[in-house]
Amino acid sequence: MTTCLILLLGIMTFISGKLSAQSVDTTLLRQGKFFTAEEGAAALEKYSATYDDLASWKERANLIREGIWEGLGLSPDFKKTPLKPIIHSKRTYDGYTVENVAFESMPGFFVTGNLYRPSQQQSSYPAILSAHGHFQGEEYTGRTREEMQRRCAALARMGAIVFAYDMVGYGDADQNDHKHPQALALQTINSIRALDFLHTLSEVDKGRIGMTGASGGGTQTFLLTALDDRIAVSVPVVMVSAHFFGGCVCESGLPIHQSHEHETSNVEIAALAAPRPMLLISDGKDWTLNTPEVEYPYIKNIYALYGKAENVENIHLPDEGHDYGISKREGAYRFFAEHLDLSLEKVLNKEGEIDESFITVEPHKNLQVFDTRHPRPKYAVQGDQAVSQLLSSYKKK
């Protein structure tokens with residue numbers, strides 16, 4: 001191949017990547033604090049006028065779900081290739097084990113994370129996907145943060161197989177930048193394939209799979225629950241808001257909330273979980289401050305259309321802020337115990353209080369999937385342009 005031809009192909013690839021990034025109709029994007037709190041509540045009033053019974057809600061729900069797929073640029077039946085899982089470095093702790101895991105959501109594109117399993121033997125286990133948000137730290141970040149390790153270990157000791165996985169551009173998932181213009185599509189594919197991965201584990205009870213995450217992890221939680229009914233129980237934390245649409249391209253960088261035919265918000269996307277059990281956890285110091293009066297009643301009314309109003313709950317912590325702290329974890333533990341048949345007693349002390357003292361918080365390097373002993377396969381795609389080219393073959397025609 002001549003030098004000129006190589007240069008020409010390089011230019012064409014660069015242009016193709018740029019065109020892919022620029023193909024989004026930005027007039028349809030709803031990002032960040034798109035509404036004031038009052039405008040968000042008013043929008044819900046407008047949306048509620050579009051249905052008045054279960055049949056008409058289901059029509060709207062289908063419209064919203066189709067709008068998400070269209071906004072992502074994906075088809076619900078996008079091609080699924082072999083996962084080729086890599087699992088190594090098992091450690092055993094008090095009531096649970098931890099392993100480092102990678103698999104391919106697309107050929108050469110790796111989902112990376114940690115698999116927490118209960119030590120006790122059972123005939124089958126429920127499973128929980130654990131997503132993280134944009135929480136950073138000096139040593140710990142994303143899925144290796146202490147609160148993330150604690151909730152995964154506790155849920156595993158309670159009897160669930162838990163998979164904690166990286167957002168794109170975080171941790172071991174550094175094949176592209178987190179601010180990739182298609183990050184929302186990439187993360188949605190990764191979440192669906194993470195669920196596929198849990199389904200490959202023979203010991204997992206496929207009818208008892210839950211998901212949880214805070215902030216951006218909360219977005220991943222309610223979005224996957226909306227698109228995939230294999231999620232039986234969901235706990236989105238400090239994220240469901242009528243006026244805030246997510247401040248990162250991985251949450252709102254694609255037009256999943258609006259098309260030329262409809263508009264919606266994260267409240268209705270979260271409501272697509274109905275009638276499956278869902279716990280909303282909110283606080284008084286971020287965009288979920290109005291959840292008890294605005295978002296929760298709206299969603300509960302939708303659950304009531306199914307005759308399942310009792311399946312949605314809200315824990316509101318007015319004096320707390322934007323995190324997945326111990327009081328929020330306690331609420332999640334109790335909800336998952338009830339709806340996934342987990343043993344809450346495994347994490348209670350003699351006074352009946354949640355006690356996480358049994359948990360070993362590992363150093364970041366222990367949780368890394370790829371290192372000198374376990375290098376990433378050489379055929380992995382690398383860089384934003386290469387990832388864009390890979391994703392282009394998945395885009396809806």
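Positions are given from 1 along the sequence. Scope of the values below: all heavy atoms of this structure, side chains included, with no hydrogens, waters or symmetry mates.
- One side chain, Asn314 or Ser282, offers a donor N or O that lies under 3.5 Å from an acceptor on the other.
- Just one residue in the list Leu74, Leu254, Thr188, Leu272 forms a side chain to side chain contact (heavy atoms under 4.5 Å, CB included) with Ile68, and that residue is Leu272.
- The backbone N or O of Thr144 lies less than 3.5 Å from a partner atom in the side chain of Gln149, making a donor-acceptor pair.
- Looking at Thr360, its side chain never comes within 3.5 Å of a backbone N or O of Glu362 through a donor-acceptor pair.
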Requested in this report: Under the ring pair (Phe, Tyr, Trp, His ring centres under 6.0 Å) rule, what do Tyr93 and Tyr96 come out as? Steps first, then yes or no, please.
Outcome: CA-CA 5 Å; Tyr93 296 113; Tyr96 66 98; 5.6 Å; yes
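- Proximity of Leu280 to Pro236: side-chain heavy atoms (C-beta onward) are separated by under 4.5 Å at one or more points.
- Annotation: side chain of Asn100 is not in contact with side chain of Asp172 (no heavy-atom distance under 4.5 Å).
- The two atoms that bring Trp69 and Ser75 nearest to each other are CZ3-O, 3.8 Å, heavy atoms only.
- Around atom CD of Gln31, more than 12 heavy atoms belonging to other residues, nucleotides or ligands sit under 6.0 Å away.
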Requested in this report: Could you walk me through whether Leu201 and Leu115 pass side chain to side chain contact (heavy atoms under 4.5 Å, CB included), step by step?
Outcome: CA-CA 11 Å; Leu201 303 178; Leu115 190 65; 4.3 Å; yes
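- Applying the side-chain hydrogen bond (donor to acceptor under 3.5 Å, both in side chains) test between Thr288 and each of Asp286, Asn290, Thr291 identifies Asp286 as the sole match.
- With sequence neighbours left out, Glu351 forms a side chain to side chain contact (heavy atoms under 4.5 Å, CB included) with Asn349, Glu353.
- With 3.5 Å as the limit, one finds a donor-acceptor pair spanning the side chains of Arg151 and Ser130.
- Of all non-hydrogen atoms in Ile315 and Gly331, the two that sit nearest each other are CD1-CA, 3.5 Å.
- With contacts defined as side-chain heavy-atom distances shorter than 4.5 Å, the pair Leu305/Tyr51 qualifies.
- Residue Ile256 is not grouped with residue Met167 when hydrophobic side chains (ILVMFWY) are merged at heavy-atom distances under 4.5 angstrom, including chains of intermediate members.
- With hydrogens and angles left out, the side-chain atoms of Gln120 and Lys346 include no donor and acceptor closer than 3.5 Å.
- For Lys80, the NZ atom is densely surrounded, since the number of other residues' heavy atoms within 6.0 Å is greater than 12.
- Using a 3.5 Å distance cut-off with no hydrogens or angles, the side chains of Ser215 and His322 do pair a donor with an acceptor.
- None of Val233, Asn311, Val235 except one satisfies the side chain to side chain contact (heavy atoms under 4.5 Å, CB included) rule with Leu279; the exception is Val235.
- The side chain to side chain contact (heavy atoms under 4.5 Å, CB included) test applied to Leu44 returns Tyr47, Ala242, Ser265, Val267, Val294, Tyr298, not counting sequence neighbours.
- Transitive grouping of hydrophobic side chains (ILVMFWY, heavy atoms separated by less than 4.5 Å) keeps Ile326 and Phe135 in distinct clusters.
- At least one side-chain heavy atom of Ser191 sits under 4.5 Å from a side-chain heavy atom of Tyr165.
- Below 30°, between 30° and 60°, or above 60°: for Phe103 and Phe163 the angle between ring planes is between 30° and 60°, a tilted geometry.
- The closest donor-acceptor contact from the side chain of Arg150 to the backbone of Gly325 lies at 3.5 Å or more, if one exists at all.
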Requested in this report: With side chain to side chain contact (heavy atoms under 4.5 Å, CB included) as the test, would you mind laying out the steps for Glu320 and Ser327 before giving the verdict?
Outcome: CA-CA 9 Å; Glu320 293 197 13; Ser327 53; 2.5 Å; yes
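- Considering only heavy atoms from C-beta on, Arg157 stays 4.5 Å or farther from Val162 through its side chain.
- No side-chain donor-acceptor contact under 3.5 Å links Arg65 to the backbone of Leu227.
- Hydrophobic clustering of Ile, Leu, Val, Met, Phe, Trp and Tyr side chains at less than 4.5 Å, counting indirect connections, keeps Phe245 apart from Val249.
- In plain terms, the two heavy atoms of Gln175 and Val387 that are nearest each other are O-CG2, 3.8 Å.
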Report task. Check step by step if side chain to side chain contact (heavy atoms under 4.5 Å, CB included) holds for His374 and Val369. Result -> CA-CA 7 Å; His374 308 92; Val369 181; over 6 Å; no
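- Of all the heavy atoms in Pro277 and Tyr303, the pair that sits closest is C-OH, 4.4 Å.
- A chain of hydrophobic side-chain contacts below 4.5 Å, direct or via other Ile, Leu, Val, Met, Phe, Trp or Tyr residues, connects Leu155 to Phe358.
- Between the side chains of Glu356 and Tyr333, at least one donor-acceptor pair of N or O atoms lies under 3.5 Å.
- Pairs of residues two or more places apart, or lying in two chains, never qualify as salt bridge (charged side-chain N to carboxylate O under 4.0 Å, His left out) while including a residue from residues 233-256.
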Report task. Evaluate side chain to side chain contact (heavy atoms under 4.5 Å, CB included) for Gln182 paired with Val24, printing each intermediate quantity in order. Result -> CA-CA 9 Å; Gln182 302 293 322; Val24 174; 4.2 Å; yes
Query raised in the report: Yes or no on salt bridge (Lys or Arg N to Asp or Glu O under 4.0 Å) for Asp323 and Lys328, after CA distance, side-chain angles and deciding distance?
Result: CA-CA 8 Å; Asp323 60 23; Lys328 298 178 179 77; 2.6 Å; yes
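- The shortest non-hydrogen separation linking Val111 to Ser105 is CG2-CB, 3.7 Å.
- A heavy-atom distance below 4.5 Å is found between the side chains of Met239 and Trp287.
- Hydrophobic clustering, with ILVMFWY side chains joined whenever heavy atoms are under 4.5 angstrom apart, groups Phe244 together with Ile64.
- In terms of heavy-atom proximity, Ala271 sits nearest to Ile302 at CB-CD1, 3.6 Å.
- For the pair Gln187 and His178, the minimum side-chain heavy-atom distance is below 4.5 Å.
- Using a 4.5 Å heavy-atom cutoff, the side chains of Arg230 and Ile192 are in contact.
- Annotation: cation-pi pair Arg376/Phe110 absent, no NZ/CZ under 6.0 Å from the ring centroid and within 45° of its normal.
- The backbone N or O of Gly246 sits nowhere less than 3.5 Å from a side-chain atom of Lys33 that would complete a donor-acceptor pair.
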